[in-house]
Amino acid sequence: MVGYMFSLFHPEKVSAIVSLGVAFRPPGSRTSQALPEGYYIQRWQETGRAEADFGRFDIKTVVKNIYILFARSEIPIAGENQEIMDLVEPSTPLPSWFTEEDLAVYADLYEKSGFQTPLQVPYRILKAKVELPKQAPKDLKVEAPTLLIMGEKDFVFKIPGTEEYIRSGEVKKYVPNLETIYLPEGSHFIHEQFPDQVNQLILNFLDSNKQ
């Protein structure tokens, strides 16, 4: 999202964009309002809600639960008497591509940093009003060559209107120089699930868009 918005403000400074699992949407066109109150983004946008939810567990458990939830093909949506962390049974194993060693490293980093920054970006900034530059055209377009890599099993496709928006090519109204590549078994964490393949796709794209 940061790359897309930066390209609208400063197109002359952007030669290419690579996005993993996030298609460009014009400001104000988000579809999360079509989802129930328990939708994880709406929950995490509430000041203090995620902090209280996460605070019931140690850091390592929070990180583990997030990786389990986001590796699934279903949108994390809590029930009326649930919080997001309650969606994971304690006995649920980690995804096969995310090891206990990985978890230990990530947990150690979050012990130092906390979760405030990842809650702010991207979730809570979605509420911020974006003032586009005066010179921005009425028909907003990201003109830079753009690569979108999507996991076919990414729960993002279940967000109302998202799959049709991407697969139908409607997204190209706003990103005309878009190339979309789908990884059949890919989840929301395609960069960690298939690091070598994703790296090679990015390198090929950058190589073909040298200026």
Side-chain angles (χ1 to χ4, degrees), residues 1-4 18-23 30 32 35-128 148-159 162 182-202:
M1 290 184 288
V2 174
Y4 291 137
V18 176
S19 179
L20 306 180
V22 181
R30 299 281 164 187
S32 60
L35 291 161
E37 178 274 337
Y39 177 43
Y40 80 98
I41 288 182
Q42 292 175 190
R43 287 287 182 89
W44 290 356
Q45 284 178 332
E46 293 182 37
T47 302
R49 186 76 179 255
E51 288 87 340
D53 184 14
F54 294 177
R56 297 178 295 148
F57 305 93
D58 59 76
I59 296 290
K60 189 174 183 179
T61 299
V62 174
V63 176
K64 177 182 178 180
N65 287 353
I66 288 172
Y67 266 84
I68 290 170
L69 280 174
F70 281 36
R72 295 172 176 170
S73 59
E74 298 300 323
I75 305 171
I77 298 176
E80 185 177 352
N81 298 312
Q82 284 183 312
E83 296 298 334
I84 300 301
M85 291 292 102
D86 297 328
L87 296 174
V88 179
E89 291 291 332
S91 60
T92 305
L94 285 166
S96 60
W97 42 265
F98 192 72
T99 67
E100 288 290 340
E101 290 76 13
D102 295 330
L103 178 59
V105 171
Y106 276 54
D108 182 61
L109 292 169
Y110 279 110
E111 286 278 3
K112 297 180 176 70
S113 68
F115 294 103
Q116 202 57 48
T117 295
L119 285 171
Q120 183 68 21
V121 182
Y123 306 112
R124 292 174 181 170
I125 63 165
L126 290 173
K127 288 186 172 182
L148 173 62
I149 305 175
M150 293 292 307
E152 299 251 26
K153 296 185 178 179
D154 190 336
F155 66 81
V156 166
F157 275 133
K158 302 287 181 64
I159 297 174
T162 298
Y182 301 95
L183 301 187
E185 297 300 315
S187 69
H188 199 59
F189 291 117
I190 48 173
H191 53 298
E192 294 176 83
Q193 190 178 4
F194 301 110
D196 294 338
Q197 187 175 356
V198 169
N199 282 343
Q200 193 58 56
L201 289 171
I202 293 172

>> According to side chain to side chain donor-acceptor pair (under 3.5 Å), who are the partners of Asp108, at least two apart in sequence or on a separate chain?
In response: Lys112
> If you take all heavy atoms of Gln82 and Gly79, which pair is closest and at what distance?
Replying inline: OE1-N, 2.8 Å
>> Tell me every residue that passes ring pair (Phe, Tyr, Trp, His ring centres under 6.0 Å) with Tyr123, counting only those two or more places apart in sequence or in another chain.
In response: Tyr40, Trp44
> Which pairs count as salt bridge (Lys or Arg N to Asp or Glu O under 4.0 Å) when at least one residue sits in residues 65-74, sequence neighbours excluded?
Replying inline: Glu74-Lys158
>> Tell me every residue that passes side chain to side chain contact (heavy atoms under 4.5 Å, CB included) with Glu100, counting only those two or more places apart in sequence or in another chain.
In response: Lys60, Leu94, Leu103
>> Please check: side-chain N/O of Glu83 versus main-chain N/O of Ala78, any donor-acceptor pairing under 3.5 Å?
In response: no
> Which atoms form the tightest heavy-atom contact between Glu46 and Glu51, and what is the distance?
Replying inline: O-OE1, 4.4 Å
> At their closest point, which heavy atom of Met85 faces which heavy atom of Ile66, and how far apart are they?
Replying inline: CE-CG1, 4.0 Å
> Under a 4.5 Å cut-off applied to non-hydrogen side-chain atoms, are Phe115 and Val63 in contact?
Replying inline: yes
>> Applying side chain to side chain donor-acceptor pair (under 3.5 Å), can you list everything that pairs with Asn65, at least two apart in sequence or on another chain?
In response: none
>> Does any part of the side chain of Tyr39, heavy atoms only, come nearer than 4.5 Å to the side chain of Ile159, both counted from C-beta?
In response: yes
>> Would you say that His188 contacts Gln193 through its side chain, given a criterion of any heavy-atom pair below 4.5 Å between the two side chains?
In response: no
> Considering all heavy atoms of both residues, which atom of Leu35 and which atom of Ile77 are nearest to each other, and what is their separation?
Replying inline: CD2-CD1, 4.3 Å
> Shortest non-hydrogen contact from Leu119 to Phe54?
Replying inline: CD2-CE1, 4.3 Å
> Do Ser73 and Asp154 have side-chain heavy atoms sitting under 4.5 Å apart?
Replying inline: no
> Looking only at atom types and distance, does a side-chain atom of Asp53 sit under 3.5 Å from a main-chain N or O of Ala50, one as donor and one as acceptor?
Replying inline: no
> Which residues satisfy the salt bridge (charged side-chain N to carboxylate O under 4.0 Å, His left out) test with Glu152, sequence neighbours excluded?
Replying inline: Arg167
> Under the side chain to side chain contact (heavy atoms under 4.5 Å, CB included) test, which residues partner Leu109, sequence neighbours left out?
Replying inline: Val105
> Below 4.5 Å, heavy atoms only, C-beta onward: do His191 and Ile149 meet side chain to side chain?
Replying inline: no
>> Restricting to side chain to side chain donor-acceptor pair (under 3.5 Å), what partner residues turn up for Lys153, sequence neighbours left out?
In response: Glu185
>> So which atom in Pro95 and which in Ala71 form the shortest heavy-atom distance, rounded to 0.1 Å?
In response: CG-CB, 3.7 Å
>> My understanding is that only one of Tyr110, Tyr67, Phe57 makes a side-chain contact (heavy atoms from CB on, under 4.5 Å) with Val62; could you say which?
In response: Phe57
>> Using the ring-ring contact (aromatic ring centres under 6.0 Å, His included) definition, which of the options Phe189, Phe70, Tyr106 pairs with Phe98?
In response: Tyr106
> What pairs with Phe157 under ring pair (Phe, Tyr, Trp, His ring centres under 6.0 Å), at least two apart in sequence or on another chain?
Replying inline: none
> Taking only residues two or more places apart in sequence or in another chain, which ones pass side chain to side chain donor-acceptor pair (under 3.5 Å) with Glu111?
Replying inline: none
> Do Leu183 and Val198 pass the side-chain contact (heavy atoms from CB on, under 4.5 Å) test, and can you show the C-alpha distance, the side-chain angles, and the key distance before you say yes or no?
Replying inline: CA-CA 9 Å; Leu183 301 187; Val198 169; 4.0 Å; yes
> So which pairs with a foot in residues 85-98 pass salt bridge (Lys or Arg N to Asp or Glu O under 4.0 Å), sequence neighbours left out?
Replying inline: Arg56-Asp86
